[in-house]
Amino acid sequence: MLVEKINKQYDATLILAELEQFEKKYCWSEIKPLASSFAVTSRDGTTTDGNKPFIGDETEFKMLELYNGSYISQVINDLNISYGRIRFLKLKPGYIMKIHYDPSVRYHIPITTNLHCGFLDEELYSYTMPELGRLYKLNATNFHTAFNCSRHEDRIHLVIVEAY
């Protein structure tokens, strides 16, 4: 199964409010047209290099100092997993990611979403993450794609890469 619902719930409204405050400090980084990321971790704890593609030792990543004492950092600590890159991923309306696989599991917490967002596996089974603030485990080592087929609404997830 590509997506597993985990029995952990967080306050998506509070996470979004903090994200909006942090957006005053630095900007979203474009990944591709209609998709962007906002770093939570970096390799040195001060830059936003967590937005860039990365292959290597995920355990090098540390929480950005900006998040010290935040609710977002409490959420990350509560997960009690060995993490690498953590970032917010935004898919604009109409975005469909290319099919791919990743080297490790990804954990997602939907912050904003809509009925037209989801994932497809290589068999074209569709999965959603409909509950805001709910923790979901994505078996990203299998082929998959993500999409936002909404006409007007962004999809924002807090995405935690399990260190590998």
Single-linkage hydrophobic cluster, 4.5 Å side-chain cutoff, F147 and Y127 together: no

Student check: side-chain heavy atoms of R134 and M129 closer than 4.5 Å: no

Test item: E20 and E18 side chains (from C-beta on) under 4.5 Å apart, heavy atoms: no

NZ/NE/NH1/NH2 to OD/OE distance under 4.0 Å, E131 and K5: yes

Ring geometry between F88 and W28 (parallel below 30°, tilted from 30 to 60°, perpendicular above 60°): perpendicular

E162-Y83 side chain donor-acceptor pair, cut-off 3.5 Å: no

Criterion side chain to side chain contact (heavy atoms under 4.5 Å, CB included) on S70 and F22, from CA distance to verdict: CA-CA 10 Å; S70 69; F22 295 140; 4.0 Å; yes

Chi angles and distances behind the side chain to side chain contact (heavy atoms under 4.5 Å, CB included) call for L135, Y107: CA-CA 7 Å; L135 179 66; Y107 291 90; 3.8 Å; yes

Taking every non-hydrogen atom, the tightest pair across L91 and A146: CD1-CB, 4.1 Å

Minimum heavy-atom distance D154-P93, with the two atoms named: OD1-CD, 3.4 Å

Side-chain donor/acceptor of D121 to backbone N/O of L2, under 3.5 Å: no

Steps toward side chain to side chain contact (heavy atoms under 4.5 Å, CB included) verdict (H100, H144): CA-CA 6 Å; H100 67 285; H144 65 282; 3.2 Å; yes

Joint hydrophobic cluster, I99 plus Y101, side-chain heavy atoms closer than 4.5 Å: yes

Proximity of F119 and H108 rings by center, below 6.0 Å: yes

Linked, directly or transitively: V3 and Y125 (ILVMFWY side chains, under 4.5 Å): yes

Nearest-0.5 Å distance, CD1 of residue I72 to CD1 of residue I109: 9.5 Å

Exam field: side chain H116 to backbone N114, donor-acceptor pair closer than 3.5 Å: no

salt_bridge(K62, D44) N-O dist < 4.0 Å: no

Closest non-hydrogen atom pair between G69 and Q74, with its separation: O-NE2, 4.3 Å

same_hphob_cluster(L16, I86) at 4.5 Å side-chain heavy-atom cutoff: yes

Sole candidate of L66, L158, L64 that passes side-chain contact (heavy atoms from CB on, under 4.5 Å) when paired with V40: L158

Nearest-0.5 Å distance, CD1 of residue I160 to NZ of residue K137: 13.0 Å

D11-Y71 side chain donor-acceptor pair, cut-off 3.5 Å: no

Contact summary for A12 and P110, nearest pair of heavy atoms: CB-O, 4.0 Å

S104 versus V161, closest heavy-atom pair with distance: OG-CG1, 3.5 Å

Sub-4.5 Å side-chain heavy-atom contact between R85 and F61: yes

Backbone of P130 reached by a side-chain donor or acceptor of T113 within 3.5 Å: no

Nearest-0.5 Å distance that lies between atom CG in L115 and atom CD in E153: 8.0 Å

Value rounded to 0.5 Å, distance of CG in L132 from CD1 in I156: 10.5 Å

Pair N148-K92, side chain to side chain contact (heavy atoms under 4.5 Å, CB included): steps then yes or no: CA-CA 7 Å; N148 179 0; K92 300 295 261 174; 5.7 Å; no

N77 side chain to S73 backbone, donor-acceptor under 3.5 Å: yes

Any donor-acceptor N/O pair, E60 side chain to S42 backbone, under 3.5 Å: no

Pairwise distance CZ(R155) to SG(C149) - rounded to 0.5 angstrom: 11.5 Å

pair E4-N139: side-chain heavy atoms closer than 4.5 Å: no

Side-chain donor/acceptor of S36 to backbone N/O of I31, under 3.5 Å: no

Same apolar cluster (I L V M F W Y, side chains within < 4.5 Å links), V75/L138: no

Spacing of R106 atom CZ and T141 atom OG1 [to the nearest 0.5 Å]: 9.5 Å

